[in-house]
Amino acid sequence: MSVLCDMDLYFQVKSFQSFETSLLQELEYEKWLNIFSDDLRYRAPLVSVTDHRAGSLSNSTDLMLYDDSFETLKLRVARAKSKRAWTETPPSRLRYFIDPIEIKEEGDALVVVSNMIIYQTRLQREENLFIGQRTDRIRRAEDQWAVFDRFAVIDRTVLPSKNLTVFF
Amino acid sequence: MEISNKERDYLALVQPEQGLVHNKIFTDPDIYQRELENIFATSWLYLGHESQLPNEHDFFTTYMGSDSVIVTRAEGKIRAFLNFCTHRGMKVSRTDKGNAPAFTCPYHGWCFSSKGDLVGVPGYREAYYESLDMGQWGLREVAQLETFGGLIFATWNPNAGSLTDYLGEMAIYLDRVVNRSEGGVEMIAGVQKWEIPVNWKLPAENFLGDSYHVATTHASVMDIGYRTRPKKQGFQISLRGGHGFGSEQDGFGAGKVGSSAYAKYIDDMRAKLATQNNPANQFIPMGHATVFPNMSILDSVKFRMIRMSHPRGPQLTESHAMCFVDKNLAPELKEEIRREFILSFGPSGMFEVEDGEIWAEVSDSIAGHVASKQSFNYQMGLGKEELVADKFGDGLPGRTGWYWSEVNQREYYRQWRSLMEKK
């Protein structure tokens, strides 16, 4: 059952998300990695047009847009921050709008479902809008939350961007 | 160079003999329109793989040039049709894939079987007085459809030679991409799709013969150790019909970071195949390739990709990326390949993100007025080509240049020009 009505929990989740948003917007990707646990699974499926809603997302053994462990996510961050990564040289300007719509308990963990809008602009006039939904599984680690599973759906079937370089 | 809008002098625009290609061919709307007719409506085009249609009535939709097409399996046979109701042109399928014995047009309800036959027309008796010749108004079917190692190709051209003729000198090499393991290949489900604001030929020629860009465009991937720096030993191979491929010696290099079980599998396979008397086995994995006009392949020690650059306008390409594995591969190796592929290619891939970055900026720059009067330089290795047979032996077809050479692009644009010149 959704416990969005639990003010304290909602506030904790919201603060955690705001903390993450500020790191992403500042392109502080190395620090951002610290919000994840070592056993992370970080995925974004493909979306297909099918007759029924079920089956429109690619399965775990199918192609996806992202399917990373903590190690490979670290590699992506290292690349994005390296000197000759033209996709971030000059850097993008990013805004994240993350809004929780459901928070529920699952064993020791919390499942947080949020709508998301990511606005990316770079160079003179390039603009990309990635809109979708993010499902996080988070657990308490020492004195802060840690994400151990992130599943983000970008609602487009044909991505309108020349590449996908934003993290979500 | 001044170019009239009516009569284009393709000999002046495209001069592979001088290593010059005018950049107008990457922006001009009239040239683009002519390509749809002279290139895409005449050539054999890649549609997909048999493993996308395992069951009767399975279908998927894709593009042939700028046209939406439906590929079906009906009575066991693979067929392809224009996704276009013969009454008013509505798309009869609006999904990417599915299973359907029939397609009913949402406009007036004409119904077509998975064989393409018109099998139902609302008002056939009262409105058409039973005089509509249903046999004449089935879905428009491609002129020819053939498969090669499970790869499905089709053409709108009834006069085109066979697929084998079309692939020509490429066939012996392409065979080593899809038929090197018993049972052949299968596609990992799912097609990555994204739009790049660039003419379709730039991605196609990049995969065709551009080993040169790797060290600079993809420098970041080497800086983090995911890929070794190019060994500067390798080759480009150019084939009649505009096809071609190229690779670093012994396959594109994996770095020290990341998984290497598949690289070992490839090594073992090469050792095993050495006993076979097939000179094309020395080109496993193939490297980067393009089958004219817009089907590209990347066959590395990490994964195998087929990649379509569908034309969506003079300066817009819809990329479709698909990942292939040997059918008989252990599940854990398939899983490794799937994840390595997603990490390195496709819209978010650590390599591929940079290609999109560059192509879109090239596209923007050549839209400038003065820039639009310039030619691109394809002079690398001009006059230094050798016969593949002389260099790699055993009567292998094609001409070859060094690892960094634009021999493949020159032949590709020669082929492009010969088709564009045709009335």
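Chain A is the first sequence line, chain B the second, and so forth, proteins listed ahead of strands; every chain is numbered from 1.
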Any sub-3.5 Å donor-acceptor pair from [X]'s side-chain atoms to [Y]'s backbone N or O?
X: A/Trp86; Y: B/Thr217; result: yes
X: A/Arg76; Y: B/Ser348; result: yes
X: A/Arg84; Y: B/Met222; result: no

For this session: Quick one: do A/Asn163 and B/Glu352 satisfy side-chain hydrogen bond (donor to acceptor under 3.5 Å, both in side chains)? Show the steps, please.
Result: CA-CA 8 Å; A/Asn163 50 25; B/Glu352 179 92 48; over 6 Å; no

Residue, of [options], that accumulates the most heavy atom pairs under 4.5 Å with chain A:
options: B/Gly190, B/Gly346, B/Ala189; value: B/Ala189
options: B/Met350, B/Glu335, B/Glu361, B/Arg94; value: B/Met350
options: B/Asp96, B/Val198, B/Ile358; value: B/Asp96

Nearest 0.5 Å, what's the [atom1]-[atom2] distance between [X] and [Y]?
X: B/Glu357; Y: A/Glu126; atom1: CD; atom2: CD; value: 6.0 Å
X: A/Asp67; Y: B/Phe341; atom1: CG; atom2: CZ; value: 12.5 Å
X: B/Met305; Y: A/Leu63; atom1: CE; atom2: CG; value: 11.0 Å

Problem set entry | Sorted by number, residues from residues 12-31 of chain A in contact with chain B (heavy atoms, under 4.5 Å) |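 Contacts with chain B: none.
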
Would you indicate whether the side-chain heavy atoms of [Y] and [X] approach each other to under 4.5 Å?
X: B/Lys97; Y: A/Ser48; value: yes
X: B/Lys193; Y: A/Leu159; value: no
X: B/Leu343; Y: A/Leu75; value: yes

Problem set entry | B/Asp223 and A/Lys83 ion-paired at < 4.0 Å |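 Salt bridge flag = no for A/Lys83 with B/Asp223.
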
Problem set entry | Short N-O contact, B/Glu354 and A/Lys162, less than 4.0 angstrom |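 Judged by the 4.0 Å cut-off on N to carboxylate O distance, B/Glu354 and A/Lys162 do not form a salt bridge.
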
Exercise. Side chain, backbone, both or neither: which part of A/Thr89 has a non-hydrogen atom closer than 4.5 Å to chain B?
Worked result: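 The answer is neither part of A/Thr89.
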
For this session: With chain A as the partner chain, list the residues of residues 308-321 of chain B whose heavy atoms fall under 4.5 Å from it, by residue number, and write 'none' if nothing qualifies.
Result: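 Residues in range: B/Glu318, B/Ala321.
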
